[in-house]
Amino acid sequence: MSSKHIETEAIRTQIERSQYLEHSSPMYLTSSYVFEDAEDMRASFADEKERNIYSRYSNPNSSEFVEKVCKMEGAERGYAFASGMSAVFSTFGALLDSDDHIISSRSIFGSTQTLFNNILPKWNISTSYFKIDELDAIESLIQPNTKVIYAESPTNPAVDILDLQRLGDIAKKHNLLFIIDNCFATPYLQQPIKFGADLVIHSATKLMDGQGRVLGGVTVGSSELIQKIYLFSRISGPALSPFNSWVLSKSLETLPVRVDRHCDNALKVAMFLESHENVKLVKYPFLKSHPQYELAKKQMKLGGSIVAFEIKGGIEAGRQFLNAIKLLSLSANLGDTRTIVTHPASTTHAKIPEAIRLETGITAGLIRISVGLEHPEDIINDLKQALENLNLKLYKNFN
């Protein structure tokens with residue numbers, strides 16, 4: 001990474017200005033590019049020149065977005081995708097062969113787990129899982145065909161923290177690729193490459209966009225690995241659109257100031273929930289009661305925007321709580337300016353068997369809050385009235 005601060009890199013990293021000397025990068029809404037002559041065309045397709053050929057391969061807007069993420073993450077190179085899941089699938093599709101083996105944390109996004117369990121086995125790619133509190137078991141899971149250690153930190157949706165340095169050391173010891181989904185933290189709060197990650201994946205749809213407008217994904221890391229991902233992706237076609245690239249690049253300019261406010265609001269919400277009599281459990285990385293509080297303080301600048309909590313009264317209490325929400329949004333997204341309330345067991349992780357959900361802390365009453373940028377008193381007041389509504393209706397069910 002250069003000597004500039006992340007805040008400066010996010011704002012001042014731009015593609016070359018055109019003859020019009022625009023201050024803000026323009027949108028390059030073009031599917032293809034022209035060549036000067038036959039030799040220029042031949043050399044470009046022979047990869048003898050670095051230049052734009054077709055927007056499925058590269059585009060000035062996606063290049064600017066990727067360059068910003070690389071500088072913020074401390075990565076050599078990256079590639080931008082149409083969504084976070086296309087980034088996950090394409091990364092594994094590019095790097096794995098038939099009969100390869102993945103070791104993954106059990107606590108991962110529901111769609112990623114479905115990819116590992118239902119789709120990659122079509123190509124005889126298998127996955128073994130470890131619990132977030134059983135890192136000692138990882139080495140016993142390594143097989144001769146193991147190629148990757150994969151994890152999220154913080155995890156979705158239970159916001160658990162994994163020891164990135166320890167995972168990186170295990171991967172290095174056994175010559176495995178170490179891949180981290182850094183979506184919840186963003187490169188502003190955490191840079192996994194510092195802890196030994198070879199590749200870092202983001203759903204840019206979340207905090208990178210920050211306003212619930214566009215889909216996007218990005219993978220960054222070493223030039224050697226990204227070249228393989230690029231070659232796979234230019235054929236399979238999951239490229240990020242120029243428009244979405246432009247939106248995301250502009251959004252990164254405000255990522256640090258937005259995330260600061262998200263984290264400040266989230267800590268206040270977590271502290272309120274922890275003090276409420278109708279709440280059974282609260283998990284937020286920068287709450288001292290979080291099981292991995294010290295580790296979170298070591299790895300992250302701040303605690304992030306996601307708070308997980310469990311209401312007394314189980315799934316029925318959770319259902320009535322959601323129905324009582326007035327100001328906040330009921331949605332499966334996160335990382336928005338608007339605070340979002342989600343019930344993972346019935347939405348984002350509904351396709352995961354109940355036994356596995358419980359193993360990762362996704363109980364029937366677990367609620368995930370993506371804390372937005374509204375005034376914290378307004379967020380807390382809406383949560384408070386919804387919880388007080390439960391106090392009237394479900395007090396007999398409290399445990």
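If you're wondering where the values come from, they're calculated on a predicted model, not measured in any experiment.
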Is the closest side-chain heavy-atom distance between Phe130 and Arg106 below 4.5 Å?
no
Test log, rule salt bridge (charged side-chain N to carboxylate O under 4.0 Å, His left out), inputs Lys71 and Glu67:
CA-CA 6 Å; Lys71 288 186 176 181; Glu67 186 180 1; 3.5 Å; yes
Under a 4.0 Å N-O cut-off, is there an ion pair linking Asp133 with Lys131?
no
Hey, does the side chain of Ser329 reach the backbone of Ser331 with a donor-acceptor pair shorter than 3.5 angstrom?
no
Least distance between heavy atoms, Ser104 atom then Phe116 atom
OG-CE1, 3.6 Å
Hey, are Glu64 and Ser25 close enough side-chain-wise for a donor-acceptor pair under 3.5 Å?
yes
Worked verdict on Gln14 versus His23 for side chain to side chain donor-acceptor pair (under 3.5 Å)
CA-CA 10 Å; Gln14 289 183 280; His23 194 211; 5.7 Å; no
Side-chain donor-acceptor pair under 3.5 Å between His101 and Thr146, yes or no?
yes
side-chain hydrogen bond (donor to acceptor under 3.5 Å, both in side chains), paired with Asn59, selected from Trp246, Tyr33, Tyr54:
Tyr33
Would you say Val159 ends up clustered with Leu267 if hydrophobic residues are merged whenever their side chains have heavy atoms under 4.5 Å apart, either directly or through other cluster members?
no
Do the charged groups of Asp264 and Lys268 touch, with an N to O distance under 4.0 Å?
yes
Pairing of Arg357 and Glu354 as salt bridge, 4.0 angstrom limit
no
Return yes if a side-chain donor-acceptor contact under 3.5 Å exists between Lys250 and Ser24, otherwise no.
yes
We want to know whether Ser58 and Asn52 form a side-chain donor-acceptor pair, criterion being a heavy-atom distance below 3.5 angstrom.
yes
Quick check: does any side chain N or O of Glu22 sit under 3.5 Å from a backbone N or O of Ser18, one acting as donor and the other as acceptor?
yes
Taking atom types as modelled, is there a side-chain donor on Gln227 or Arg77 under 3.5 Å from an acceptor on the other?
yes
Does the structure place the NZ or CZ of Lys297 under 6.0 Å from the centre of the six-membered ring of Phe286, at an angle of no more than 45° from the ring's axis?
yes
Side chains of Arg12 and Thr8: do they bring a donor and an acceptor to under 3.5 Å?
no
Compare every heavy atom of Asn265 with every heavy atom of Ile379, then report the nearest pair and how far apart it is.
CD1-ND2, 4.0 Å
Would you mind reporting whether Lys280 and Ile311 have side-chain heavy atoms less than 4.5 Å apart?
no
Distance from Asn182 atom CG to Glu73 atom CD, nearest 0.5 Å?
5.0 Å
Less than 3.5 Å apart, any donor N or O on the side chain of Ser289 or Glu274 sitting next to an acceptor on the other?
yes
Short side-chain donor-acceptor distance under 3.5 Å, Asp169 and Gln165:
yes
I'd like to know whether Glu310 forms a salt bridge (charged side-chain N to carboxylate O under 4.0 Å, His left out) with Lys283, so could you lay out the CA-CA distance, the side-chain angles of the two residues, the decisive distance to 0.1 Å, and finally the verdict.
CA-CA 9 Å; Glu310 188 172 350; Lys283 290 181 74 175; over 6 Å; no
Mind checking whether Phe321 and Phe309 have ring centres under 6.0 Å apart?
yes
Please give me the minimum heavy-atom distance between Leu215 and Leu248, naming the atom from each residue.
O-CD1, 4.4 Å
Between Phe81 and Tyr79, is the ring centre distance below 6.0 Å?
yes
For residues Lys147 and Leu95, report the shortest heavy-atom separation together with the two atoms involved.
NZ-O, 2.8 Å
On a heavy-atom basis, which atom in Ala317 and which in Lys312 lie closest, and how many Å separate them?
CB-O, 3.2 Å
Salt bridge (charged side-chain N to carboxylate O under 4.0 Å, His left out) between Arg51 and Asp40: does it pass, once the steps are laid out?
CA-CA 10 Å; Arg51 55 113 72 217; Asp40 180 33; 3.2 Å; yes
Taking every non-hydrogen atom, the tightest pair across Arg213 and Ser251:
NH2-OG, 2.6 Å
